[in-house]
Amino acid sequence: MPSSYFVDHIPVNTAHNRRPGLYLAPEYITIHSTGNPSSTARNERAWLTNPVNNRTASWHICVDEKEAIEAIPLNETAWHAGDGAGPGNRKSMAIEICESGDREKTLAHAAALVAGLLQARDWDVGRLRRHFDWSGKACPRIFMDNNWAGWETFKGSVQTKLKARLKGGAEMYAANSPRPALPQIQRRVEGTIDGRPADFEAYLIDNVTYVPLRPLVEDLKIRLEWKADKFHIHTAQ
Ligand SMILES: [Zn+2]
């Protein structure tokens, strides 16, 4: 099954606070459908940065019959659950399923995506929620008929794909599955600053070493201050 996963994050300063930059440690995956029978994942992504859009609403991954697009990092909050600062928004990541195109293909694609996300976190389908579960909204509406029969079918399909993956039969998203929220390789780097010995906890990601800001500036004897999510470094002694 051909598939693509694209990362195309909206800017941090996107209007109407659509990417608030709040840290998210997800415990659930919330499923939505777009409510628009003609828009694709690319259309949905474009809407998030369309100047005409005045809503504070966003999502993490949108999936259609062809591809999946990640618009907000999976360790940052998106506004999608309608429950304010509740667990829908603050403890779950949002998957939007497109209502355009071939429904069967789209749902197979979405189920494979969700199975991959569950497997990467060692989760099972008990982690899945509907938008409806958080705020009573009629969403994902594509699953509502016959007392949510389609929702049960979808969860069953995710379960089947998850089992297949766990058996080593991973069919998609193996090579390009989303990165885990936190870097996997942590190490200590040692060296000198102006000849003085120094060492830091560091992350190695794609062969680049990342060091947390605070211990570095403290060692440099400069002062770091966080105000309203912005850093301020003071070098005057
Ligand atoms: Zn929804």
Side-chain angles (χ1 to χ4, degrees), residues 5 8-10 14-20 22 24 26-50 52-101 103-118 123 125-158 178:
Y5 188 98
D8 184 9
H9 292 156
I10 63 174
T14 299
H16 301 284
N17 198 31
R18 270 175 229 126
R19 184 177 167 186
L22 298 169
L24 175 73
E27 295 175 15
Y28 309 96
I29 295 175
T30 299
I31 307 295
H32 304 259
S33 70
T34 57
N36 181 333
S38 62
S39 78
T40 63
R42 283 178 193 224
N43 296 149
E44 291 292 322
R45 169 60 188 81
W47 176 242
L48 287 181
T49 45
N50 185 327
V52 173
N53 181 353
N54 61 9
R55 296 189 57 219
T56 298
S58 49
W59 39 264
H60 291 94
I61 305 169
C62 186
V63 57
D64 65 18
E65 60 180 337
K66 284 201 310 220
E67 60 194 358
I69 300 177
E70 179 185 307
I72 290 188
L74 306 185
N75 61 353
E76 284 185 31
T77 296
W79 303 119
H80 58 96
D83 68 342
N89 280 327
R90 298 306 307 280
K91 293 203 184 298
S92 86
M93 64 176 92
I95 311 297
E96 284 282 356
I97 300 177
C98 286
E99 299 181 1
S100 58
R103 179 63 49 80
E104 202 178 323
K105 261 193 208 168
T106 303
L107 291 183
H109 204 180
L113 167 72
V114 172
L117 292 167
L118 292 175
W123 289 353
V125 293
R127 301 284 188 149
L128 300 184
R129 294 291 185 275
R130 299 162 292 188
H131 182 173
F132 173 81
D133 293 313
W134 301 121
S135 56
K137 187 174 177 190
C139 177
R141 68 173 187 178
I142 55 173
F143 295 143
M144 283 185 72
D145 286 353
N146 302 318
N147 195 25
W148 294 100
W151 172 241
E152 296 305 321
T153 305
F154 179 74
K155 279 196 295 185
S157 164
V158 172

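Along the sequence shown, residues are numbered consecutively beginning with 1. For ligands, and for the atoms within them, numbers begin at 1 and follow the listed sequence. These figures come from a predicted structure and were not determined experimentally.
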Those residues that, when tested against A81, pass side chain to side chain contact (heavy atoms under 4.5 Å, CB included) (two or more places apart) = D83, N89, W134
side-chain contact (heavy atoms from CB on, under 4.5 Å) with C62: of E44, H32, E67, R42, only one passes, and it is E44
Would you please indicate if the ring centroids of W151 and F132 are separated by under 6.0 Å?
-> no
Polar side-chain atom of [X] near backbone of [Y] as donor-acceptor pair, under 3.5 Å:
X	Y	result
R129	G126	yes
H109	D64	yes
E70	H60	no

Under 2.8 Å from the Zn ion (ligand 1) - protein N/O/S, by chain and number | H32 ND1, H131 ND1, C139 SG
